[in-house]
Amino acid sequence: MSAVETVTQVSQTLSALNLRGGDQEQKTEPYPYANLLPHFSPEQYPPLTPFKHEDPGFRALKHADPHAFLKNATNVVELTPNLGTEVHGVNLAALDGEGRDQLALEVARRGLMVFRGQHEFIDRGPDSYLEWGRHFGRLHIHPTSGHPKDYPQVHLVYKDAKSSYNFEREDSITSTVWHSDVSYELQPPGLTTFFLLSQPTTGGDTLFTSQISTLKKLSPSFVAFLRTLSAVHSGVEQAQFSRSGKRGGIVRREPVEHVHPLVRRHPVTGEEALYVNRQFTTRIVGLKREESETILKFLYDHIDKSADLQARVKWQPGTVVLWDNRVTAHSAIVDYGKSNERRHGARITPQAERPIPALEGLELPNL
């Protein structure tokens, strides 16, 4: 039996169950999000081509009140001083173009925004997800992950009692793997939207960190050196993981490697951010192997240990989270496995510009 046939069979079985977060028993009624279960189409895609990205945050800079989209909010709380804002009372599904522009600017400034009570947004379905995402950029199609049937632009995460279609390392003492999504692309994502359709009763939180703040913690002379460097980001390991028969066993687009600056500048805010991550960054260009490994290990450890720069999102039904992949990193926390409960999430991932070096004139070689 092929990987696709196996996944299809599992999906059909899963659709007969309702294991939404908080339910303590399996029920026989159909799973309400069965149409969004992981599907692994064998369709092959050509390499991505460059495009001109126009960030909607620029338009919001011209608005008289860039916070007008929050005027109906009943509660706005900063999760930490420098990262994350939680919002109640704003219906994302009702935002017009100007409101979405303002949202993009605020996510760029705060790095992370958490919106509660977004059942209407979630229940509108995949056509609405695509319309939403296209406002912020060209939609990315993930090369290896599952997606709802006929909607390859919607990236899914999925784990339940019998299966997992996530990129997970079983030979590690921790499930924490800090990363910026698909940073190996020539034009990685900017504003990203994610929500859970089903969740465990407890656990399965998501950690975020500010890469602006991690950079600012370093000494000026070291930052000046980092600004002169670029690094290779690779999708090869992720593709090999799927080719080994895991996650669904599908690679729809050949893996790529691209060189990005170690320190990038946000095009709208002008903020500089560290741009390396343990999952996809493999080496620093122009350095000896030992030198590259030493610097990257130091930076990864710095990201890992900087709890004072991090925010933790605890999921509730109806929560939609948006972050700017250009200035943050994140990690899922897989601590709910023994509960045998389902965690089923969807991500809308518009691409942005090719990372802009903080150091003007820094040359980025092609591999």
Side-chain angles (χ1 to χ4, degrees), residues 48-63 66 69 83-85 92 95 97-115 129-143 145 153-155 178-195 206 208-215 233 235 256 258-277 279-281 311 320-330 346-358 364:
L48 295 177
T49 57
F51 71 102
K52 183 180 179 181
H53 174 66
E54 298 181 359
D55 198 296
F58 279 118
R59 295 191 293 266
L61 290 173
K62 301 176 183 178
H63 294 175
F69 77 106
L83 173 69
T85 302
L92 292 176
L95 289 184
E98 284 197 355
R100 296 181 189 188
D101 292 348
Q102 295 163 5
L103 172 66
L105 177 59
E106 191 64 11
V107 173
R109 287 172 168 170
R110 293 294 298 161
L112 164 71
M113 296 194 75
V114 181
F115 290 83
Y129 306 160
L130 301 190
E131 185 274 332
W132 168 268
R134 288 188 179 112
H135 184 87
F136 304 104
R138 185 178 76 179
L139 296 182
H140 182 258
I141 296 178
H142 198 281
S145 69
Q153 303 92 338
V154 179
H155 164 86
W178 290 100
H179 64 284
S180 177
D181 292 318
V182 296
S183 65
Y184 48 77
E185 300 290 12
L186 180 65
Q187 294 179 244
L191 184 143
T192 302
T193 305
F194 182 80
F195 48 88
T206 304
F208 291 86
T209 193
S210 168
Q211 294 287 60
I212 295 172
S213 295
T214 55
L215 183 69
H233 294 242
V256 296
H258 286 107
V259 176
H260 298 314
L262 251 71
V263 182
R264 68 182 295 177
R265 177 172 57 82
H266 195 285
V268 179
T269 67
E271 290 275 18
E272 296 183 7
L274 190 63
Y275 197 63
V276 296
N277 68 87
Q279 185 167 348
F280 298 125
T281 310
V320 173
V321 173
L322 299 98
W323 65 90
D324 194 321
N325 259 304
R326 295 169 288 192
V327 295
T328 62
H330 60 279
R347 190 182 79 203
I348 309 162
T349 321
Q351 293 175 255
E353 73 287 341
R354 185 176 187 180
I356 302 169
L364 301 175

Margin query: Testing the basics here: between Pro56 and Phe136, what is the closest heavy-atom pair and its distance to 0.1 Å?
Written below: CG-CD2, 3.8 Å
Next item on the list: Mind checking the CG-NE2 spacing from Leu191 to His135? Nearest 0.5 Å is all I need.
Entry: 9.5 Å
Notebook entry, point to check: So how far is it from Thr269 OG1 to Asp324 CG, rounded to the nearest 0.5 Å?
Noted result: 8.0 Å
Notebook entry, point to check: Are the side chains of Pro50 and His53 in touch, meaning some heavy atoms are under 4.5 Å apart?
Noted result: no
Next item on the list: Would you tell me whether Ser183 and His233 have side-chain atoms, one donor and one acceptor, within less than 3.5 Å of each other?
Entry: yes
Next item on the list: Output all residues satisfying side chain to side chain contact (heavy atoms under 4.5 Å, CB included) with Thr328, sequence neighbours left out; order by chain, then residue number.
Entry: Leu83, Trp323
Note to self: Suppose we call two aromatic rings close when their centres sit under 6.0 Å apart. Are Phe195 and Phe115 close by that rule?
What the structure shows: no
Next item on the list: Compare every heavy atom of Gly111 with every heavy atom of Val327, then report the nearest pair and how far apart it is.
Entry: CG2-CA, 4.4 Å
Check: Between Ala273 and Leu215, which heavy-atom pair has the shortest distance, and what is it?
Finding: N-CD2, 4.0 Å
Note to self: In the structure I gave you, are the side-chain heavy atoms of Ile212 and His266 within less than 4.5 Å of one another anywhere?
What the structure shows: no
Checklist line | Exercise: identify the closest heavy-atom pair between Gly270 and Arg265 | finding: O-CG, 3.6 Å
Check: Do side-chain atoms of Arg110 reach the backbone of Gly84 as a donor and acceptor pair under 3.5 angstrom?
Finding: yes
Note to self: Glu131: which residues meet the salt bridge (Lys or Arg N to Asp or Glu O under 4.0 Å) condition with it, sequence neighbours left out?
What the structure shows: Arg100
Next item on the list: Applying salt bridge (Lys or Arg N to Asp or Glu O under 4.0 Å), name anything that partners Glu353, two or more places apart in sequence or on another chain.
Entry: Arg264, Arg326
Note to self: For the CH2 atom of Trp178 and the CZ atom of Phe280, what is their distance to the nearest 0.5 Å?
What the structure shows: 15.0 Å
Next item on the list: Indicate whether any N or O donor in one side chain lies under 3.5 Å from an N or O acceptor in the other, for Thr192 and Asn325.
Entry: yes
Notebook entry, point to check: Roughly how far, to the nearest 0.5 Å, is CG of Leu95 from CD of Gln102?
Noted result: 8.5 Å
Next item on the list: Could you tell me which non-hydrogen atom of His260 sits nearest to which non-hydrogen atom of Leu364, and how far apart they are?
Entry: C-CD2, 4.1 Å
Next item on the list: Evaluate the side-chain proximity of Leu105 to Val268: yes if any heavy-atom separation is below 4.5 Å, no if none is.
Entry: yes
Next item on the list: Check Gln211 against Val276 and note the closest heavy-atom contact, atom names and distance.
Entry: NE2-O, 3.3 Å
Notebook entry, point to check: Quick one: are Pro261 and Tyr275 in side-chain contact, heavy atoms under 4.5 Å?
Noted result: no
Next item on the list: Would you give the length of the straight line joining atom NE2 of His155 to atom CG of Asp181, rounded to the nearest 0.5 angstrom?
Entry: 7.0 Å
Next item on the list: State which residues pass side chain to side chain contact (heavy atoms under 4.5 Å, CB included) with Val256; sequence neighbours excluded, sorted by chain then number.
Entry: Tyr184, Glu185, His258
Check: What distance separates Gln351 CD from Phe51 CZ, expressed to the nearest 0.5 Å?
Finding: 5.0 Å
Checklist line | Ala352 backbone acceptor or donor facing Gln187 side chain under 3.5 Å | finding: yes
Item checked: Partner set under salt bridge (Lys or Arg N to Asp or Glu O under 4.0 Å) for Arg354, not counting sequence neighbours -> none
Note to self: What I'd like to find out is whether the side chain of His179 reaches to under 4.5 Å of the side chain of His330, using heavy atoms alone.
What the structure shows: yes
Checklist line | Results of salt bridge (Lys or Arg N to Asp or Glu O under 4.0 Å) for Arg59 - residues two or more places apart only | finding: Asp101
Notebook entry, point to check: Can you list the steps and then say if Thr193 with Trp132 is a side chain to side chain donor-acceptor pair (under 3.5 Å)?
Noted result: CA-CA 9 Å; Thr193 305; Trp132 168 268; 3.1 Å; yes
